[in-house]
Undergrad: 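Right, I'll just put the structure down here and ask away after.
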Amino acid sequence: MASPPSPLEGTCKLLSEPVPSDALFERIASEYAALASEYGPRNVLVLKRHPAGLESLTEALASVDATNGSPRSPRVESLPEHASKVLEEYDPTLDRLEYEERIELISLVIDGASRDVPDYLERAASHESFARDVGQLLLEATRQRLRLDDLEATPHDCLAFLYAMNDRFHAELENRGYVERADVIPRTVDLLEADTDGLQTRVTDSIDAVLAVEFEEYRRLDRRYLGALTHDAELVCLGERHASVERTRVEPGRIEDHVDGSLAVEVLETGLESADERIEPPHRAITRFLATGASPSAASADEATEQAPSRARRIRARTAREQGKRVATEIQALRDRHGWTYDDVAVAVPRIERVPETRAQLREAGVPTATIGTPSLAEDPAVNELYAFVTLQCELERGSGRRDLLDAPPSDRDAGDPLDVSLDRLQARVEEFPPDLLESCAGSSVSRSLERWLHRTDLKGRIAREEAWVDAREQYEGIRRVLEIARFVEETDLVGPDWQGLRRMLRRTIQYDAPYVHAVETQPPTGGVTVCAVDDLKYDSREAVFLLDLIDDNYPGEQFLTQLFPTAWLREMATYPAVTDPPRAELTATFSTVAPDSVGDPFETYHAQRSRRRLALASRAAQTQLYCCSYERGAGGLRRTYDESRYLHLVDSTPGLELAAVDSDTTAAIHGETNALEALLAQPHGELERILREASTGGEADLGTTEELFEEIAVVLEDGDIDDDLAEAVRSQFEFAAGEVVRNE
């Protein structure tokens, strides 16, 4: 019989609205200092719900002076990390299932399913995102411990099939001694509540107080975990109203509604403290408006006296690529004007998948970036090289008469044959590719054979010499993942411990892998602009923050929760692991930005308001400058239109709030090879256009400056160390501008 949940006993302190990040950290530090003074710093555990922003929080608490001394390393952990350590203490032999291993094992479970696959899932399986969407659904069901036999309502046929597969998958995990990451908190909650083998007593012996921050995001099982952890310790929960995005995805209502009666709730007002005369960011009222719906005109008299409009800056571009260039230019301008470092700037995108492309655009424009993660394996050149090596080893292992493929001239190869493609890839990447290289690397161990290839072809050295340090770091991580898969293949019975088994598992992983599904490091020691998903800014603070892609397709968007099922189905899926049919009363109780008489579709309204909150929480990370960036969206044919987020329009139309346009003709210096080349190529045509424009309006154009500019360009082309192709490109611009060249296309 399962043990009853441990009650939550303690204090819940809620800031009345989201505050600037520095003010939030000060409040957390104040609560921590009080607990550290009473119990000693090493006896106080600080738990944050999500890992993002943990470094910033730790730094803020490390400077706190307690009466017992200044704790240089406060005990700060994310809740998933702490639960993982507790589970490991209970059973050190448990293996956490890695992402690649999960893909292989769950695919085998589904392949061996005894249930008939619903027709809809059969058809949907052909879509590119199907595997990821199913994976995300099952992860969420695991986090919430949704088992098919425990459901009160009858699930949709598709959900019943998927939940049954998930239950079978976890039974298989248990038999093999594995635990997947999504199951760490649910499993640890059971162990702590039952005090299995005295686990609860051992874990809580050194804990006299727990400070639970970001409490507005704690879900049902998270709160049970806190209760089990603090049965003999003081509990202080600190959260913010109007700030829950992740919890409200699966649980409607305000956090105080879920803990009322178990915790003593105290609401803290968030006005300026006269003691330090803190200056609020110029866009503070915009953050407040997005989070709570309160406009400056509704502010109290003492807050609204003679205040300038709350202001953010707006960048509007024609295309997404031009948006990136405009942002890069403005970052350089900020450095020129304020002397800020690149570390003082963050660029946020709606989804983690947009990080690689955005980061590449900034770097092409000469802006160094700090974000390091694990991009999609399919896009990693080093992983593709290793996959080609494995593919050819499979053929050599078969001994199927294709050993002559190494001797065939390139002209005889088939561009559609995987073997020929693999050989072409290796020969293109490895200079002086010897015919016996593949066979000399092969051995009885696939992992050691891969290591021989790395050593004999100097793959890591080639990466270090040819790639930027950020790309090098990520490709090294890709190599590490491939080697881990190879070692797993040699140890598991899921696939054969040979080249065929390794190729099968690599192929599945590459096919189902998504960009940045693993950890993302945004503050490596070398520094640079942070590029991250918008949600990662919740506990961050930068001088300037650029919010990209603020179009209606993203904020709020059209596809909520998942692409796996039609929205009409989701509204009827009461057992889906998210909020799908919120009652109107719960909707308005969850979001103060919703008027009761303005609710159209409850499902869309509910999740659109979550999107609005995402913007609010990201905007408060900016200490000095907030930039709202958008681009035109194609609307068929040649017509294009600005489709800015409805929330930008709301801000723009609210008295007391202002979006100031950023002049695209900035005086910032030109940085980066790409920007310099584009500027050089644009100058001849631009100058001649300026002269014609003056002449057409009856003005007088100063030809002196134009002649000087053209003479300087001519000198550079003749005497400078300029690539011949570039010089020809610049000359062609003069010919186009003068009308001497006409293309017939």
Side-chain angles (χ1 to χ4, degrees), residues 313 315-349 354-373 375 379 381 463-475 520-532 542-549 622 624-625 627 629-631 662-686 709 712-713 716-717 720-723 725-727 729-730 733:
R313 314 209 53 195
I315 291 178
R316 303 173 78 178
R318 284 184 54 80
T319 64
R321 183 168 184 81
E322 184 185 329
Q323 173 191 238
K325 290 168 57 180
R326 293 277 303 277
V327 168
T329 301
E330 185 65 15
I331 291 173
Q332 303 291 12
L334 289 174
R335 283 170 44 82
D336 294 343
R337 288 197 297 264
H338 302 290
W340 293 341
T341 67
Y342 290 115
D343 293 349
D344 293 325
V345 180
V347 175
V349 291
R354 277 276 285 140
V355 167
E357 178 186 356
T358 303
R359 195 191 65 186
Q361 289 177 356
L362 292 176
R363 285 167 48 204
E364 286 174 6
V367 175
T369 58
T371 304
I372 299 174
E379 300 169 359
I463 292 172
R465 289 190 298 271
E466 299 168 7
E467 304 287 354
W469 70 269
V470 175
D471 292 329
R473 281 277 299 271
E474 292 191 343
Q475 289 185 36
V520 175
E521 180 184 356
T522 58
Q523 293 180 320
T526 50
V529 170
T530 290
V531 184
C532 61
R542 303 297 167 112
E543 292 289 349
V545 170
F546 292 80
L547 304 180
L548 268 58
D549 303 347
T624 307
Q625 295 275 21
Y627 289 84
C629 311
S630 62
Y631 55 88
V662 175
D663 187 356
S664 61
D665 186 18
T666 179
T667 57
I670 296 173
H671 297 260
E673 182 179 358
T674 301
N675 275 356
L677 293 179
E678 290 183 357
L680 181 60
L681 289 170
Q683 285 196 9
H685 200 279
L709 172 64
E712 289 177 7
I713 294 175
V716 170
L717 294 178
D721 184 16
I722 300 295
D723 180 82
D725 291 337
L726 173 60
V730 175
Q733 291 302 307

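Not measured: the values here are computed from a predicted model. Residues: numbered from 1 along the sequence shown.
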Undergrad: Quick one, Q625 and E330 - any side-chain contact, counting heavy atoms below 4.5 Å?
TA: no

Undergrad: Is any side-chain heavy atom of D471 closer than 4.5 Å to a side-chain heavy atom of R363?
TA: yes

Undergrad: Minimum heavy-atom separation for A370 to G528, with atom names?
TA: CB-O, 3.5 Å

Undergrad: Quick check: closest heavy atoms across A328 and L362, and the distance to 0.1 Å?
TA: CB-CD2, 4.0 Å

Undergrad: Who passes side-chain hydrogen bond (donor to acceptor under 3.5 Å, both in side chains) against E543, sequence neighbours left out?
TA: T624

Undergrad: About how many Å separate OG of S630 and CD1 of I315, when rounded to the nearest 0.5 Å?
TA: 9.5 Å

Undergrad: Would you give the length of the straight line joining atom CZ of R359 to atom SG of C532, rounded to the nearest 0.5 angstrom?
TA: 13.0 Å

Undergrad: With a 4.5 Å limit on heavy-atom distance, are the side chains of Y627 and L334 in contact?
TA: yes

Undergrad: Would you say R326's side chain and V662's backbone share a donor-acceptor pair under 3.5 angstrom?
TA: yes

Undergrad: Measuring from atom CZ of R542 to atom OG1 of T341, what distance do you get when rounded to the nearest 0.5 angstrom?
TA: 9.0 Å

Undergrad: Less than 4.5 Å apart, side chain to side chain, heavy atoms only: is that true for Q323 and D549?
TA: yes

Undergrad: Look at K325 together with E322 and state whether they make a salt bridge at an N to O cut-off of under 4.0 Å.
TA: no

Undergrad: I need the W340 CH2 to I331 CD1 distance, nearest 0.5 Å.
TA: 11.0 Å

Undergrad: Do the non-hydrogen side-chain atoms of Y342 and V529 ever get within less than 4.5 Å of each other?
TA: yes

